[in-house]
Amino acid sequence: MPLSDTSFDLAALPRVHDKHRAEQGVERWLERARGLSSPELKGFAVELAADPAGRALLGALFVHSPFLSDLALAEPGIVRGILVKGPGLMIDMVLADLEREAGAEEDTGRCMQALRLARRRVALLVALADMTGNWPLEIVTMTLSRFADMAINLAARHLLRRAALQGELVLPDPALPERGSGLVILGMGKLGANELNYSSDIDLIVLFDRDRIDYRGRRSVQDCFVRIARDLVRMLQERTEIGYVFRTDLRLRPDPGSTPLALSVIAAETYYEGMGQNWERAAMIKARAVAGDLEAGRLFLKALKPFIWRKHLDFAAIQDIHSIKRQIHAVKGFRDIAVAGHNIKLGRGGIREVEFFAQTQQLIWGGRNPELRAAATCPAIRALTAAGRVAPEAAEDLIGAYRYLRMVEHRLQMVDDRQTQTLPGEGPELEALAAFCGEASLDDFKARLLEQLGLVEDHYAELFEEAPSLSGPGNLVFTGAKNDPDTVRTLSEMGFADGASIATVIRAWHTGRYRATRSTRARELLTELMPALLTALAHTPQPDAAFTRFDAFLSGLPAGVQLFSLLHAHPELLQLIAEVMGGAPLLAERLGARPALLDAVLSRDFFKPLPPQTDLAIEFAHALEQGNDLQDRLDIARRWAKDRQFQAGLLILHHRLDDEAAGRTLSDIAEVAIAGLTPHVEAEFEHQHGKMPGRGLATVALGKLGGRELSVTSDLDLIFLYDLPADQEANPPLSDGPKPLAPIHYFARLAQRHIGALNAPTAEGKLFEVDMRLRPSGNAGPIASSLASFLRYQSLDAWTWEHMALTRARVILGEPSFVAEIEASLRGLLSRPRDPEKLKADIVDMRRRIAQQHRTDREWDVKYRRGGLIDIEFLAQYLELRHAAEHPDVISANTAAAIAALAKAGLLAAADAAALGEALTLWRRLQGFLRLTIGQEFDEAALPEGIKRALAAAAHLPDFASLKSQMAERAEAAALVHERLLGRA
C-alpha cells in the first residue's frame with residue numbers, strides 16, 4: 001500500500017540528515033520482514049520499504065530514534081495498523097486488547113506483561129502520529145494520559161481483586177473491583193491535566209475512604225492500602241525484559257517525608273485545611289481522579305475546592321502566591337541562554353514558566369471566577385485572556401511557545417525513551433535533534449528555540465515587576481515534592497557544599513514539619529526571609545554546619561510567627577543569628593533554648609561591656625524576687641546566668657571582649673549567681689535543720705574561677721570550709737532546727753545543697769558544672785571541712801600539687817571575719833619555707849605524669865602543648881611557692897598577676913616575664929575563642945578560610961599565617977624559660 005494513499009502528511013516528517021543510517025535502517029526492516037510468518041504482514045513490510053514515502057518514514061524512524069527503531073521492528077503490525085486504519089482507531093484497538101488481556105487477569109506477572117506490551121505499542125503509535133503530523137499536541141498528550149489512566153486502573157483492579165481473594169476486602173462489585181472500593185488514586189501534574197509528555201513520570205496521590213471500605217483483614221485498613229500503593233508502584237515501574245509502564249512518584253502527597261504511601265481522605269483533608277501551602281493549592285489545580293473509586297475521588301476533590309479556590313484571598317495570601325514566583329530568577333529582555341545543555345522545562349523561558357504564569361493567576365482570581373479553573377495550561381491561558389487578566393498578544397506568544405517547547409520535549413524523549421528535558425551539548429547530538437524537530441539546520445533550530453524561550457521569559461518576568469525579588473543570586477524555590485535543580489545549583493554557588501540536602505530540609509520546613517512553621521503566616525514570613533537568611537549563613541566560615549545548627553534551632557521553637565516577625569522587622573538580626581550558628585555552637589544551643597535573647601540583642605547596650613559585679617548583683621537580686629520558691633529561683637538563676645554568658649560570648653565572638661576582660665566578666669557572672677542563691681538555699685535548709693553557732697560556711701574558689709579566668713565552658717573548682725572553734729571540736733554543738741545535726745553532717749549537707757543549686761538539672765538545664773576534686777583527700781574527702789581540719793591536712797598530709805592548686809585559691813563568699821581568717825591562713829600556709837629541690841622534683845614529676853596522658857606536641861592543644869598554659873602555670877606556681885616565704889606578695893590567684901609580681905620582686909627576669917606573659921595572653925585568647933567555637937579537637941587542614949580568619953582575628957593578628965608563626969614563637973620562648981628554670985618534663 002503506497003503511503004501516499006493514506007492521510008499522513010509526508011511534509012511533516014523530520015528531516016533525514018544521515019542517508020547512510022537511513023539506508024541501514026531500511027535494510028534492518030527488510031531483514032525483519034523476511035522473518036515474519038504472516039504473508040500479509042510480510043507483504044506490507046516489503047511494500048512499505050519499496051515505496052519512496054515509506055522509505056522516508058522508515059528512514060526518519062531509524063535515523064532519529066534507536067528506541068522507536070526497536071519498537072517498529074518488534075511491532076510491525078502496529079506500523080501497518082496505523083497506516084491502514086489510522087492512529088485513532090488503532091489506539092482504540094490497542095486499549096481494548098489491553099482491557100481484555102489484563103482486566104480480569106489474576107496472575108500478577110501476566111498482568112504486568114500485558115501492561116508493558118501495551119505501553120510499547122502506545123509509544124510507537126503516538127510517536128508515528130506525532131512525527132507525521134497526524135495528531136496535534138493536544139491529542140498526543142490526551143492519548144498518553146488516556147493510556148496512563150487505563151494502566152493505573154488495571155493495576156489497581158488487579159491488586160484490589162487480590163486483596164479480596166486473600167480475604168482482606170469485601171468488594172461491592174467483584175467484576176469491577178475498583179468501583180466503590182474506597183481506593184482513590186489522584187493523577188497530579190501533567191497526568192491530572194491530561195497533558196502527559198512522551199516519556200513522563202506520573203505523579204500520583206493514593207488515598208482511601210474508610211467509610212466505603214469493608215475490611216476483614218488482621219492488621220489495619222492503612223496497612224492494606226499502603227501495601228496496595230507499594231505494589232501499584234512496583235507493577236508500573238519495575239523493569240522487566242520488555243520494559244516498564246511508568247516511573248511513578250508518590251511524593252506529592254501531604255508531607256511525604258513523614259506520611260505513609262497511602263493516606264485516609266480524612267487525614268488528607270485535615271492536612272490541606274490546616275497545613276496546606278499555596279504551592280499545593282497550585283498543584284491541586286491539575287488534580288484528577290484517574291483510577292480506583294472515581295466517585296470517591298471526585299468527592300474528595302469537591303471537598304477540597306474551598307482549599308484550592310478561595311473566594312476572598314487576604315493580602316498575605318496573595319503576597320505568598322507572588323512570593324513563589326519571586327523566588328525564581330527571571331530577567332526581562334536579557335538574552336544569555338545557551339541552547340546546548342539548556343533545560344527546556346525548568347530552565348529560563350521553559351515549559352514550567354508558562355505553566356506557572358497561568359497557575360499563579362488562577363490561584364488569585366479563580367476563587368471568584370470558576371471559568372478560570374481549567375487544569376490544562378493552554379485552556380487556562382485562554383480563560384485568563386477572556387477574563388481580561390492576560391493580554392491577547394501575550395497569550396498568543398505563550399501558547400505558541402508552549403506548543404513548540406512541548407514538541408521539542410517529545411522529540412528529545414523519543415530518541416531513547418528517557419525522561420529528560422535537557423538538550424544535548426554542542427555536537428552531532430544537538431544537530432540530530434534539530435533535524436528531528438523539523439528544522440532545516442542547527443542555526444535555524446537555535447534561532448527558533450531562542451525566540452520562543454525569549455518570548456516566555458519576557459512575559460514571565462513581567463509577573464515579577466511589582467515586587468522585589470526573593471531569588472537572591474539565582475532561583476531559591478522550595479515548593480513542590482522535588483528539589484528544583486536551579487535552586488540546588490544556586491545554593492552550591494552560594495557556598496553550601498550539599499545544596500540538595502539543604503533544599504530538602506527547607507522544603508520540609510514548608511510542610512509544617514516543625515511547630516514553628518505550622519501556621520500559614522509563619523511560612524509566609526519564612527519565605528520572605530529565606531534569601532537573606534541563606535545569604536547570611538552562606539557567609540559564615542562553615543555554611544553547611546551553620547545551616548544544620550539553624551535547622552536544630554528552628555526545630556526546637558514552640559512557635560515561629562513572633563520570631564520571624566522580629567527578624568522581618570530587624571533584618572540585622574539575621575546576620576547575628578548566622579554568626580552564632582556558623583561560629584559558636586555553645587551560643588547556638590543557648591539561643592535555641594532562649595530565642596527571646598534576640599529581643600535583648602536589639603537593646604543599645606547589648607554590645608557594650610557588661611556592668612561591674614556590684615551592678616550585676618543588684619540586677620540578679622531583682623530577678624530572683626520574681627520567684628515564689630527555691631525551684632523558681634533556680635530556674636531564674638539559670639536563665640539569667642546563661643543570658644549574660646550569651647552576651648559575653650557574643651562579645652568574644654565579635655572580638656569586643658579580650659581574654660582578661662572575658663575571664664573577669666564570666667567569673668563575675670558565676671560569683672554573682674553563687675552569692676545570690678546562697679541566702680535562699682540556706683533559708684530552705686535552715687527551715688528543716690536550723691542554724692549552727694559560729695560564722696557559718698565559706699566558699700573558696702580555685703582554678704579558673706579563683707584566678708578570675710573563666711571561659712564559657714569552665715567548670716567551677718570549689719571547696720567549702722566552715723567555722724568550728726578548737727574548743728568545740730571535742731564536744732560539737734547541734735543545730736537548733738526541728739532535725740538537729742552535728743557540724744560535720746550539717747555543713748556537709750548544706751554544702752551539698754549549694755552544689756545541687758549550681759549543677760542540678762532543671763527545666764532550664766544546669767547552672768554550672770562543679771568540680772570538688774581539689775578538696776582535702778579529693779573525691780574521698782568530706783564535702784565540707786572545718787578550717788582547722790583543713791589546715792591540719794594541708795600542713796601534714798597534702799601533696800605538693802595540692803599546694804600548687806591553693807596558689808589560685810580565692811574566698812568568694814562567707815562571713816567577713818571568717819573570710820579574712822581563711823585568707824590569712826592560706827597565705828600563711830603558702831608562705832612556709834620549702835625545700836627548693838624537692839619542690840622542683842615534685843612539680844617536674846607531676847608535669848611528666850600529665851605529659852603521659854596528654855601529648856605535648858599537638859600544636860592546637862594550647863593547654864598541654866610544650867610552652868602552653870600548663871607549663872606557664874606550673875612555672876609560676878613553682879616560683880610562688882619557692883619564694884613566698886621571703887616575698888609573700890608574689891602569691892596571686894591570677895597567673896598573669898603572679899608573673900608580674902614575681903618580676904616586680906626581681907625573682908623573674910623581665911625578659912622571661914615578658915615571654916611568659918605574651919604566650920599566656922595568646923593561649924588565653926585562642927582557648928577562649930576555640931572553646932566558644934570549634935573546640936580544640938579539629939583538623940587544621942580541613943579548616944575553612946573563614947575559621948582561619950576568625951582565629952587570627954581572635955589573636956589580634958592579620959592572617960592565619962601570622963598566627964601560626966606567632967604560636968610557634970611564643971611556645972618556644974615560654975618553653976625555654978620553663979625548661980631553664982624548672983627543667984624539662
Side-chain angles (χ1 to χ4, degrees), residues 137 141 189-190 195-203 247 249 251 279 283 324-325 327-332 334-359 377 398 400-427 429-434 436-437 439 442 445-461 463-464 471-494 499-500 503-504 507:
L137 174 68
T141 57
K190 288 185 169 60
E195 296 177 319
L196 207 59
N197 62 47
Y198 189 77
S199 294
S200 182
D201 295 353
I202 53 173
D203 293 296
R247 290 171 293 268
D249 196 333
R251 288 178 295 175
W279 74 263
I324 299 173
K325 66 190 180 187
Q327 295 170 65
I328 300 170
H329 188 67
V331 183
K332 184 177 179 180
F334 187 66
R335 300 288 182 267
D336 67 341
I337 299 173
V339 170
H342 189 70
N343 188 307
I344 58 171
K345 175 185 177 182
L346 303 178
R348 289 169 56 184
I351 294 166
R352 183 183 62 175
E353 293 188 357
V354 182
E355 295 170 338
F356 206 77
F357 181 95
Q359 286 175 307
T377 302
L398 289 168
Y402 179 79
R403 295 172 65 84
Y404 182 75
L405 293 172
R406 290 299 305 271
M407 182 275 294
V408 174
E409 176 187 44
H410 285 179
R411 294 290 192 273
L412 188 60
Q413 294 176 351
M414 284 177 189
V415 174
D416 282 314
D417 188 30
R418 289 191 303 119
Q419 168 64 355
T420 181
Q421 287 88 15
T422 301
L423 301 177
E426 291 287 357
E429 284 188 49
L430 188 60
E431 293 181 5
L433 179 65
F436 200 11
C437 291
E439 301 294 350
L442 177 58
F445 174 65
K446 287 182 176 180
R448 185 171 182 191
L449 183 63
L450 285 173
E451 178 188 13
Q452 302 303 318
L453 294 172
L455 288 172
V456 173
E457 189 179 23
D458 283 351
H459 291 301
Y460 187 62
L463 294 176
F464 294 76
S471 66
N475 280 13
L476 288 176
V477 180
F478 302 103
T479 59
K482 304 174 186 176
N483 286 336
D484 171 55
D486 285 344
T487 297
V488 173
R489 189 178 305 112
T490 298
L491 290 169
S492 298
E493 291 169 353
M494 291 175 77
T504 299
R507 286 193 298 102

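We use all heavy atoms of the structure for the numbers below, so side chains are in, but hydrogens, waters and symmetry mates are not. In this chain, residues are counted from 1 in sequence order.
- For the pair E431/P424, no side-chain contact is recorded, criterion being any heavy-atom separation below 4.5 Å from C-beta on.
- No option in R352, R489, R507 other than R352 meets the salt bridge (Lys or Arg N to Asp or Glu O under 4.0 Å) test with D484.
- Ring planes of Y404 and F445: tilted class, angle from 30 to 60°.
- M414 places a side-chain heavy atom less than 4.5 Å from the side chain of H410.
- The main-chain N or O of T141 is never found under 3.5 Å from a side-chain atom of R406 such that the two would form a donor-acceptor pair.
- By the 4.5 Å heavy-atom criterion applied to side chains, L423 and V408 are counted as neighbours.
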(Q) If you apply the rule side-chain contact (heavy atoms from CB on, under 4.5 Å), what do you find for L433 with L442, and how did you get there? (A) CA-CA 9 Å; L433 179 65; L442 177 58; over 6 Å; no
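- The backbone N or O of R348 lies less than 3.5 Å from a partner atom in the side chain of H342, making a donor-acceptor pair.
- Around the CD atom of E429, the shell of radius 6.0 Å holds no more than 12 heavy atoms that belong to other residues, nucleotides or ligands.
- Contact between N343 and T422 at its shortest, heavy atoms only, is ND2-OG1, 3.4 Å.
- Between atom CD1 of residue I351 and atom CD of residue Q452 there is a gap of 12.0 Å, rounded to the nearest 0.5 Å.
- Here the side chain of E353 pairs a donor or acceptor atom with the backbone of G349 at under 3.5 angstrom.
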Q: In sequence, state the C-alpha distance, the side-chain angles, and the governing distance for E355 and K345, and then conclude on salt bridge (Lys or Arg N to Asp or Glu O under 4.0 Å).
A: CA-CA 10 Å; E355 295 170 338; K345 175 185 177 182; over 6 Å; no
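- Between the side chain of Q413 and the backbone N or O of T420 there is at least one donor-acceptor pair closer than 3.5 Å.
- Pairs engaging residues 412-421 under the salt bridge (charged side-chain N to carboxylate O under 4.0 Å, His left out) rule: R119-D417 [sequence neighbours left out].
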Q: Applying side-chain contact (heavy atoms from CB on, under 4.5 Å), run through M407 and R411 and close with a yes or a no.
A: CA-CA 6 Å; M407 182 275 294; R411 294 290 192 273; 3.7 Å; yes
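- Proximity of C437 to L412: side-chain heavy atoms (C-beta onward) are nowhere separated by under 4.5 Å.
- Residues L430 and K446 have side chains in contact (heavy-atom distance under 4.5 Å, counting atoms from C-beta outward).
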Q: Let me see the working for L455 and L398 under side-chain contact (heavy atoms from CB on, under 4.5 Å), right down to the final yes or no.
A: CA-CA 7 Å; L455 288 172; L398 289 168; over 6 Å; no
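- Annotation: side chain of N197 is in contact with side chain of K190 (closest heavy-atom distance under 4.5 Å).
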